[in-house]
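All values below come from the heavy atoms of this structure, side chains included, with hydrogens, waters and symmetry mates left out. Small disclaimer: the values here were computed from a predicted structure and weren't measured.
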Amino acid sequence: MVGVAVFPIAGTADLSRVEAPVTLKAYLLCAFAAFGGIFFGYDTGWMSGVLGMPYFITQYTGIQYDYETGQPIGVDPTAFALPSSTKSLMTSILSCGTFFGALIAGDVADFLGRRPTIIIGCAVFCVGCILEMASTNQVALFVMGRLVAGLGVGFISATILLYMAEVAPRRFRGALIASYQFCVTLGILLANCVVYATANNNGTSSYRIPVGIQFLWALILGIGLFVLPESPRFHVMKGKINAAVRDLSLVRGQPIDSEYIKDELAEIVANHEYEMQIIPQTSYIGSWMACFQGSLFKGNGNLRRTILGAGMQMMQQLTGINFIFYFGTTFFQQLGTIHNPFFISLVTTLVNVVSTPVSFWAIEYLGRRPLLIWGAIGMIVTQLIVAVVGVTAGRADVHDDNAVKTMIAFICIYIFFFASTWGPVGWVVVGECFPLPIRSRGVGISTASNWFWNCIIAVITPYMVGNEPGSADLGPAVFFIWGSLCVLSLAFAYFLVPEMKGLTLEQINVMMEETTPRKSGGWRPTRTFATQMGRVRDDSRPGTGKPESLATV
């Protein structure tokens with residue numbers, strides 16, 4: 001009978017054999033899983049454009065619009081916009097839903113599995129889309145749809161990251177997880193293309209078409225996951241070794257009785273046993289509290305990992321990138337110096353897409369830390385230039401076209417720095433830094449941090465740049481704030497983020513126990529977990545013959 005594991009599971013002392021050789025099938029599997037980023041990106045993209053659509057504004061404000069002249073009737077063009085409170089609510093409520101969805105996803109992923117959790121998220125997301133499309137001028141119904149869709153996106157964003165980290169091969173894990181961010185940027189671009197095509201429609205199709213296309217992403221991901229394997233590390237955590245063997249065989253594209261599969265599985269099992277000695281299973285509340293135990297700066301404390309994961313996502317949001325993609329269109333409209341805000345928004349999203357693949361190479365050859373440090377420096381410089389130009393020659397009353405072009409150019413350069421560094425690396429670090437017993441909850445907390453700060457920015461930004469009474473009307477000066485916050489991102493990366501390239505998830509845990517972030521680039525593993533836990537086969541040592549098969553036939 002194929003697939004019956006031999007007990008006890010024993011592995012190898014050879015560090016070069018702790019992961020099975022990887023086939024093209026494994027890369028394609030991870031690439032498909034990364035498709036989940038489309039949800040996050042597409043929703044960000046269409047919301048920015050829809051908020052600036054004439055029909056959508058008329059529907060929720062009652063201000064009429066002349067489609068022949070392209071001008072609002074009875075008001076100044078810069079005042080033809082949704083109230084800041086409405087924009088804030090409609091945008092931020094999705095992040096509120098995703099915050100809770102990401103936290104809930106941690107429990108569901110540990111109970112049902114990574115794959116079913118993502119499928120459930122797709123179904124919940126579809127319900128939210130239906131509510132959004134059903135709304136005409138009912139703010140409450142539209143907001144409810146955004147909230148429900150957010151729950152689905154929270155499920156998907158947290159669990160896709162968890163799934164990819166657990167199945168991706170170590171040599172290219174960073175690049176494959178970075179492809180998740182690439183799908184985010186691709187989703188933003190696709191949304192902006194659709195919005196650009198429907199923006200001037202005089203009817204509900206102007207916003208219902210962009211919203212309705214999201215059903216396609218849910219169907220592709222949800223149906224595709226029915227045929228993908230579960231994460232082998234999930235089944236190891238559940239003690240289902242035979243299922244883990246089958247998963248690992250499918251993920252690595254190796255025969256189920258391969259000695260490579262046996263060695264990698266034994267390493268995962270031995271690591272899990274080691275971690276369970278440090279993080280014993282307690283009550284439900286205790287399992288969450290385990291994420292906050294230990295020291296922030298040394299040892300094997302989980303608090304250090306939780307601060308690292310949640311802090312990475314907080315700093316990623318505080319770079320100000322979602323200000324561009326949530327409110328870019330309406331911000332460009334309010335400046336009064338840009339003739340086609342929808343087109344400029346399309347250009348910025350295109351820069352975002354073409355810049356992200358740079359990280360696929362850089363993240364594995366340069367490492368996580370250098371990308372974060374140099375990316376933060378680049379964002380600081382470019383944003384401060386945008387701010388200085390914007391409050392001087394780029395003011396609306398000056399009408400200096402060269403200054404406006406300079407602002408747009410440096411906004412695009414800023415997007416390049418983000419898209420090739422903090423955008424993808426933020427997700428990679430979160431997927432890599434947690435041990436298996438708390439991984440789903442740690443990733444859930446970190447992803448929830450992303451959505452929490454995303455929500456905060458979505459709530460306050462309309463008031464920061466709005467030009468109505470009660471708003472700060474900062475205009476381009478808002479980039480002084482984003483640039484200053486990037487200084488915090490630089491400090492965070494330098495002092496708290498370790499280098500993780502080229503290590504298995506199990507080796508990363510040892511590295512974080514034995515060294516500091518600033519010295520982590522020189523750390524190398526010295527033993528396998530199978531050796532540490534006494535699970536080494538005698539025949540795995542040199543000259544003892546071929547390892548026995550993992551399965552019996």
Inset, instruction - Run the numbers on Val184 and Thr356 for side chain to side chain contact (heavy atoms under 4.5 Å, CB included), then give the verdict. - result: CA-CA 10 Å; Val184 172; Thr356 303; over 6 Å; no
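- Remark: side-chain polar atoms of Tyr414 are paired, donor with acceptor, to backbone N or O of Ile321 under 3.5 angstrom.
- Using a 4.0 Å cut-off between charged side-chain N and carboxylate O, Arg368 and Glu432 make a salt bridge.
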Legend entry - Evaluation steps, side chain to side chain contact (heavy atoms under 4.5 Å, CB included), between Val148 and Glu132: CA-CA 10 Å; Val148 174; Glu132 288 172 334; over 6 Å; no
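- Thr319 and Gln317 share no side-chain donor-acceptor pair at under 3.5 Å.
- Looking at Ser231 and Glu166, their side chains do bring a donor and an acceptor atom within 3.5 Å of each other.
- Of all heavy-atom pairs between Val428 and Gly174, the closest is CG2-O, 3.4 Å.
- Rounding to the nearest 0.5 Å gives a distance of 11.0 Å between OG of Ser446 and CD of Gln316.
- How far CG of Leu346 is from CG of Leu189: 6.5 Å, rounded to the nearest 0.5 Å.
- Taking every heavy atom of both residues into account, Pro232 and Val167 meet most closely at CD-CG1, 4.1 Å.
- Aromatic ring pairs are classed by plane angle as parallel below 30°, tilted from 30° to 60° and perpendicular above 60°; the pair Phe323 and Trp482 is tilted.
- Ser440 contributes a side-chain N or O that, together with a main-chain N or O of Gly106, makes up a donor-acceptor pair within less than 3.5 Å.
- Of the possible donor and acceptor atoms, one in the side chain of Arg305 sits under 3.5 Å from a partner among the backbone N and O of Asn509.
- Under the 3.5 Å distance criterion, the side-chain polar atoms of Thr98 are left unmatched by any main-chain donor or acceptor of Gly154.
- Between the side chains of Thr349 and Tyr196, no donor-acceptor pair is found at a separation under 3.5 Å.
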Legend entry - CA sep, side-chain torsions, deciding dist, call: Lys262, Glu267, side chain to side chain contact (heavy atoms under 4.5 Å, CB included): CA-CA 9 Å; Lys262 180 172 186 176; Glu267 187 70 2; over 6 Å; no
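- Contact record, Ser355 with Ser420: O-CB, 3.7 Å, taken as the closest heavy-atom pair.
- Between Thr204 and Gln59, some side-chain heavy-atom pair lies under the 4.5 Å cut-off.
- Here the side chain of Ser206 pairs a donor or acceptor atom with the backbone of Gly203 at under 3.5 angstrom.
- Under the 4.5 Å side-chain criterion, counting only non-hydrogen atoms from C-beta, Thr306 is in contact with Phe434.
- Residues Cys433 and Met500 share a closest heavy-atom pair of CB-CE, 3.8 Å.
- Here the closest non-hydrogen pair linking Leu308 and Pro498 is CD2-CD, 3.7 Å.
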Indicate every side-chain donor-acceptor pair of residues 218-229 with a distance under 3.5 Å to a residue at least two apart or in another chain.
none

Inset, instruction - Could you go through the salt bridge (Lys or Arg N to Asp or Glu O under 4.0 Å) check for Arg441 and Asp107 one step at a time? - result: CA-CA 7 Å; Arg441 286 177 169 81; Asp107 282 335; 2.7 Å; yes
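- Between the Tyr42 side chain and the Pro210 main chain, a donor and an acceptor come within less than 3.5 Å of each other.
- Contact of the Arg208 side chain with the Thr136 side chain is registered, since non-hydrogen atoms from C-beta on lie closer than 4.5 Å.
- A donor-acceptor pair is defined here as one N or O able to donate and one able to accept, closer than 3.5 Å; no such pair exists between the side chain of Gln214 and the backbone of Cys129.
- The closest side-chain heavy-atom distance from Thr348 to Asn192 is not below 4.5 Å.
- The aromatic ring centres of Phe56 and Tyr60 sit less than 6.0 Å apart.
- By the 4.5 Å heavy-atom criterion applied to side chains, Ser157 and Tyr180 are counted as neighbours.
- Closest of all the heavy-atom pairs between Ala33 and Ile160 is O-CD1, 3.1 Å.
- In this structure, the side chain of Arg114 does not engage the main chain of Thr159 through any donor-acceptor pair within 3.5 Å.
- For Phe32, the CZ atom counts as densely surrounded, since its 6.0 Å shell holds more than 12 non-hydrogen atoms of other residues, nucleotides or ligands.
- Once rounded to the nearest 0.5 Å, the distance linking CE of Met53 with CG of Asn200 reads 8.5 Å.
- Side-chain polar atoms of Asn352 and Thr185 form no donor-acceptor pair below 3.5 angstrom.
- Judged as a ring-ring contact (aromatic ring centres under 6.0 Å, His included), and not counting sequence neighbours, Trp422 has no contacts.
- Under the 4.5 Å side-chain criterion, counting only non-hydrogen atoms from C-beta, Asn302 is not in contact with Phe292.
- The CH2 atom of Trp46 lies 14.0 Å from the CD1 atom of Ile188; values are rounded to the nearest 0.5 Å.
- To the nearest 0.5 Å, atom CZ of residue Arg170 and atom CD of residue Glu364 are 11.5 Å apart.
- Every residue two or more places apart in sequence or in another chain that forms a side chain to side chain contact (heavy atoms under 4.5 Å, CB included) with Phe99 is listed here: Leu103, Ala448, Trp451, Phe452.
- At a threshold of 4.5 Å between non-hydrogen side-chain atoms, the residues Asn450 and Val430 do not count as touching.
- Residues Val127 and Val124 fail the side-chain proximity criterion, which asks for heavy atoms closer than 4.5 Å.
- Looking at Thr447, its side chain does come within 3.5 Å of a backbone N or O of Val443 through a donor-acceptor pair.
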Inset, instruction - Decide side chain to side chain contact (heavy atoms under 4.5 Å, CB included) for Gln181 and Phe418; before the verdict, give the C-alpha distance in whole Å, the side-chain angles of both, and the deciding distance to 0.1 Å. - result: CA-CA 11 Å; Gln181 177 66 17; Phe418 175 86; 4.0 Å; yes
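- No salt bridge links Asp110 with Arg439; every basic N to acidic carboxylate O contact stays at or beyond 4.0 Å.
- The main-chain N or O of Leu82 is never found under 3.5 Å from a side-chain atom of Thr86 such that the two would form a donor-acceptor pair.
- Atom CH2 of Trp427 and atom CE of Met312 lie 10.5 Å apart (nearest 0.5 Å).
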